[in-house]
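What follows is a short report on a single structure.
Because the structure is predicted, anything quoted here is derived from the model rather than measured.
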Amino acid sequence: MGIKFSCASGSPYAWRVWLALEHKALPYELEEMTFSTGDLQQPELVAMQARKVKIFDDDGFAMYESQVILEYLEDAYPNSGNRLFPADVRQRGLVRRYIRYADVYLAQALETMVDEILFKTAAKWNSELIIEARTTFMKEFVYFEQQLQLNGDFLMGTPGAADFSLYPMIAVALRLELTEPDLAIRDGIGPRVRAWMKRMEALPYYEKTYPPHWRLGS
């Protein structure tokens with residue numbers, strides 16, 4: 001039966017799992033879904049969904065919550081492909097801290113911007129809420145800029161779970177900028193994070209995992 005992964009195109013949480021599956025060179029069956037076609041409202045999917053859309057099944061063992069899935073992949077398939085987490089327990093702790101930063105400080109602000117900009121008409125946007133969320137989001141880049149200065153090309157020197165958790169959130173924020181240019185997300189990204197993003201985009205499996213509906217301009 002193997003791994004089945006249902007990926008909501010454009011979800012940063014689903015994208016990190018997709019990157020992790022490719023990074024570990026694991027075979028999987030992919031089901032692509034989009035928010036606009038009603039795929040995510042199927043009764044069996046609604047019953048399985050947590051707050052964030054990503055559904056993962058490994059030979060009948062179903063899971064959600066992307067951070068947990070990444071941990072599971074590392075533990076269940078330690079000898080496949082590349083590591084998602086360092087072997088050293090202290091280094092693993094640092095990775096978990098990076099993911100926590102992304103999932104708390106960045107994600108909450110990003111979700112506010114997404115809710116306002118993508119799921120409301122411009123006339124109904126709460127501008128004060130958007131500005132506040134954007135300020136919170138951009139403030140965290142200082143932290144990641146510092147960490148990249150310390151650690152090199154990637155957050156832990158080589159690509160892994162921390163990078164796969166952070167990059168999709170930035171990519172989604174930049175996507176929002178297409179709808180609301182005043183967000184000016186790109187202008188607030190420091191040089192080390194910019195260079196890191198280019199290295200992420202040069203990974204051999206990046207193009208394969210790029211949100212399919214983004215390619216179509218939707």
Which residue pairs satisfy the salt bridge (charged side-chain N to carboxylate O under 4.0 Å, His left out) criterion with at least one member in residues 202-214, sequence neighbours excluded? E22-K208, E207-R215
For L178, enumerate each residue passing the side-chain contact (heavy atoms from CB on, under 4.5 Å) test, keeping only those at least two apart in sequence or located in another chain.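 L178 satisfies side-chain contact (heavy atoms from CB on, under 4.5 Å) with R175 once adjacent residues are dropped.
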Judged by atom type as modelled, is there a donor-acceptor pair below 3.5 Å linking the side chain of E29 to the main-chain atoms of F5? no
Would the [X] and [Y] ring centres measure less than 6.0 Å apart?
| X | Y | answer |
| --- | --- | --- |
| Y143 | Y105 | no |
| F144 | W196 | no |
| F61 | F56 | no |

Quick one, [X] and [Y] - any side-chain contact, counting heavy atoms below 4.5 Å?
| X | Y | answer |
| --- | --- | --- |
| Q91 | F85 | no |
| S11 | V172 | no |
| M156 | P86 | yes |
| D57 | I3 | no |
| L174 | I189 | yes |

Scanning both residues in full, the closest heavy-atom pair of R92 with E74 reads NH1-CG, 4.2 Å
Can you find a side-chain donor-acceptor pair between [X] and [Y] that sits under 3.5 Å?
| X | Y | answer |
| --- | --- | --- |
| W18 | Y205 | no |
| S9 | W214 | no |
| E201 | Y167 | yes |

To the nearest 0.5 Å, what is the distance between CG (L166) and OH (Y98)?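 Rounded to the nearest 0.5 Å, the CG-OH separation comes out at 10.5 Å.
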Quick one: pull up CD1 in I99 and CG in L70 and give me the separation to the nearest 0.5 Å.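 One finds 6.0 Å between CD1 of I99 and CG of L70.
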Side chain to side chain contact (heavy atoms under 4.5 Å, CB included) between C7 and L30, worked out: CA-CA 7 Å; C7 177; L30 175 68; 3.8 Å; yes
Geometric class of the Y72/Y77 ring pair [parallel <30°, tilted 30-60°, perpendicular >60°]: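 Perpendicular: the ring planes of Y77 and Y72 meet at over 60°.
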Assess whether a salt bridge exists between R16 and D103, defined as any Lys/Arg side-chain N lying under 4.0 Å from an Asp/Glu carboxylate O.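 Salt bridge present between R16 and D103.
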